[in-house]
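Only one structure is covered here, and it is reproduced in the block below.
On a predicted model such as this, the values are computed, not experimentally measured, just so you know. By convention here, the first residue in the shown sequence is residue 1.
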Amino acid sequence: MDNPKRSTLKKLAAIGLTAGAITHAPYVFARKKVTLRVLGTHVTLQEAIRKQAMSDLGINIEFTPAGSAAVLQKASMDPSSFDLYEQWSNSINVLWDAGSIQPIEKKRLTYFNEINPLTKTGKLTETASIGAGDAPYKLLNVQPDGTLSSQESDHISFLPYVHNVDSFGYNTDFIKPGIAYETESWSWLLDDENRGKVAIVNAPTIGLFDLALAAQSKGLIKFNNIGAMTRPELDRLFSILLDFKRQGHFSGYWNSVPESIEFMKSKRAHIESMFSPAVSALNSQNINVRFAAPKEGYRGWHGVMCLSSQTQSSVKDAAYDYMNWWLSGWPGAFIARQGYYISNPQRSKLLLSPAEWDYWYGGKATNIDLLNTNGDVAIKAGAQRNGGSYHKRFSNVAVWNTVMPTYDYSLQKWYELISR
């Protein structure tokens with residue numbers, strides 16, 4: 001094993017120790033009854049999705065969901081443990097360098113031409129901000145020399161599918177509602193009045209940026225490039241964060257969506273890093289959590305579906321069927337009801353009611369109650385999505401989930417923060 005790869009895997013093993021056990025038409029049937037093993041997070045590895053895919057495709061599917069750091073560690077160190085990997089684009093460089101994933105043939109992707117410009121060019125509109133860090137289009141295409149870049153080619157490193165912009169959620173029973181893009185700010189995560197009630201996602205390529213944005217917004221540090229922090233900048237940032245921790249500012253570090261829900265439900269946290277389904281789930285339980293639209297911009301993320309370097313033959317055929325199924329309409333409509341977007345939204349639009357489409361994608365107020373994927377009322381009549389439309393939200397990305405050049409060092413600093 002070469003030294004760079006050994007170093008990366010050693011670091012991943014270390015950080016893994018900190019991650020907790022974190023109506024439609026029938027689709028094409030797989031060629032053979034096989035079992036497809038999918039490794040990923042609770043964001044997409046949901047039981048309703050697994051059952052629907054098995055019904056439509058005629059294959060057995062096993063989901064293994066865990067926290068983001070844990071699944072990245074497992075996938076990087078043991079590609080034989082999965083057939084498909086579902087997480088976020090910040091996984092790509094790590095997985096690619098470790099040799100854990102293989103190129104995906106674009107010609108085998110039924111709906112690739114329908115995928116919108118976000119993943120292909122970095123922008124939904126000409127005036128949109130691309131954002132700092134690893135904008136997914138930079139990592140999409142596999143070049144003949146084995147490198148990844150934005151230059152179009154016949155092979156890609158991941159299937160673009162689910163994506164969103166993230167920020168933080170806050171309980172409006174304890175924190176006065178702010179104004180989207182005007183007063184809501186990442187700095188709230190470090191406000192004194194929230195001390196002891198702040199939780200952060202335990203993922204060094206995600207939670208790190210939440211805290212970096214907060215510290216910069218608070219005026220405690222200024223980064224030259226927040227998507228590529230230097231070692232001195234990381235030293236300064238974590239010195240600041242350790243001071244906050246010693247003062248009892250943070251109430252915990254969550255490893256999965258269900259855990260983040262419990263943090264807020266139990267009032268362990270009043271404000272925390274959050275993903276959209278957690279906000280939706282809490283709202284459906286009459287817990288008043290608002291998903292902030294920070295004036296500094298969002299942290300963007302893009303789901304990636306990757307093919308294990310060990311997947312071959314009939315299982316590989318089934319993996320392509322599953323990837324194509326994800327862009328066939330039903331899955332995109334399903335995850336829209338949780339606040340997520342799909343890379344070819346027009347196909348899913350046919351399976352959403354006009355009110356659902358206008359609320360989730362159009363950013364318009366709904367005149368009827370909207371249900372979540374469990375059939376519970378999650379959005380009440382008159383509500384409007386904070387942050388506005390799909391295009392508006394993705395025009396305001398401050399930074400993407402990113403593996404920085406200082407990745408190994410940032411892992412060390414992150415571990416020090418959460419373990420002290």
Side-chain angles (χ1 to χ4, degrees), residues 3-20 22 41 67-77 87-98 131-136 138-139 148 166 168 186 189-190 198-218 220-245 249-250 253-255 273 296 299-302 304 397-420:
N3 289 332
K5 179 176 177 182
R6 184 184 299 113
S7 175
T8 297
L9 298 187
K10 184 177 179 181
K11 293 292 184 179
L12 282 164
I15 194 61
L17 296 175
T18 74
I22 358 186
T41 71
S68 56
V71 299
L72 180 55
Q73 177 211 9
K74 184 174 183 178
S76 300
M77 300 187 73
Q87 218 208 100
W88 305 299
S89 54
N90 51 288
S91 304
I92 292 298
N93 279 329
V94 174
L95 295 175
W96 190 258
D97 291 345
D134 286 340
K138 299 177 182 178
L139 313 171
L148 305 179
D166 280 343
F168 56 90
W186 285 103
L189 289 173
L190 297 179
V198 180
I200 302 296
V201 55
N202 180 16
T205 56
I206 302 175
L208 169 61
F209 291 103
D210 289 359
L211 290 170
L213 285 162
Q216 181 166 265
S217 302
K218 197 76 173 169
L220 302 174
I221 190 172
K222 174 68 175 176
F223 300 102
N224 182 53
N225 178 357
I226 198 170
M229 299 176 223
T230 64
R231 287 173 67 109
E233 286 174 337
L234 286 167
D235 287 340
R236 173 62 182 150
L237 173 63
F238 279 93
S239 174
I240 292 167
L241 297 176
L242 282 168
D243 281 344
F244 274 88
K245 183 172 184 178
H249 191 82
F250 304 111
Y253 310 89
W254 56 262
N255 294 292
S273 307
E296 301 87 3
R299 175 178 46 73
W301 63 268
H302 206 296
V304 295
V397 175
V399 64
W400 290 87
N401 293 354
T402 297
V403 172
M404 300 184 294
T406 50
Y407 175 61
D408 283 357
Y409 191 64
S410 71
L411 289 183
Q412 175 187 327
K413 304 301 289 186
W414 183 262
Y415 179 75
E416 290 173 0
L417 175 69
I418 67 172
S419 62
R420 282 192 182 184

Nearest heavy atoms of [X] and [Y], plus distance in Å:
X    : Y    : answer
L95  : S76  : CD2-OG, 3.5 Å
L211 : W414 : CD1-CZ3, 4.0 Å
G227 : V399 : CA-CG2, 4.2 Å
I200 : G207 : CG2-CA, 3.9 Å
H302 : P136 : CB-CG, 3.4 Å
A132 : N225 : CB-OD1, 3.9 Å

W400: partners by ring-ring contact (aromatic ring centres under 6.0 Å, His included), with sequence neighbours left out: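 Partners of W400 under the ring-ring contact (aromatic ring centres under 6.0 Å, His included) test: none.
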
F238: partners by ring-ring contact (aromatic ring centres under 6.0 Å, His included), with sequence neighbours left out: none

I418 vs F250, side chain to side chain contact (heavy atoms under 4.5 Å, CB included): CA-CA, chis, key distance, verdict: CA-CA 10 Å; I418 67 172; F250 304 111; over 6 Å; no

Partners meeting side chain to side chain donor-acceptor pair (under 3.5 Å) with Q216 (sequence neighbours left out):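 None.
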
Those residues that, when tested against T205, pass side chain to side chain donor-acceptor pair (under 3.5 Å) (two or more places apart): N90

Would the distance check show the side chain of [X] and the main-chain N or O of [Y] forming a donor-acceptor pair, the cut-off being under 3.5 Å?
X    : Y    : value
Q87  : S68  : yes
D134 : L139 : no
T402 : G133 : no

Contacts of A212 that satisfy side-chain contact (heavy atoms from CB on, under 4.5 Å) - sequence neighbours left out: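 In terms of side-chain contact (heavy atoms from CB on, under 4.5 Å), with neighbours along the sequence ignored, A212 is linked to F223, I226, M229, L237.
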
Any non-hydrogen side-chain atom of [X] less than 4.5 Å from a side-chain atom of [Y]?
X    : Y    : value
V198 : F168 : no
L190 : L220 : yes
Y407 : V94  : yes
S273 : I206 : no

Salt bridge (charged side-chain N to carboxylate O under 4.0 Å, His left out) pairs, two or more places apart, involving residues 222-238: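 For residues 222-238: D235-K413.
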
Of all pairs that satisfy salt bridge (charged side-chain N to carboxylate O under 4.0 Å, His left out), the ones with a partner from residues 200-216, not counting sequence neighbours: D210-R299

Drop me the distance from [X]'s [atom1] to [Y]'s [atom2], to the nearest 0.5 angstrom.
X    : Y    : atom1 : atom2 : value
E416 : L241 : CD    : CG    : 12.0 Å
I240 : L417 : CD1   : CG    : 12.0 Å
L411 : L234 : CG    : CG    : 10.5 Å

Salt bridge (charged side-chain N to carboxylate O under 4.0 Å, His left out) involving K218 - partner list, sequence neighbours excluded: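 Per chain and number, K218 pairs via salt bridge (charged side-chain N to carboxylate O under 4.0 Å, His left out) with D191.
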
Mutual orientation of the aromatic rings belonging to F244 and H249 [parallel < 30°, tilted 30-60°, perpendicular > 60°]: perpendicular

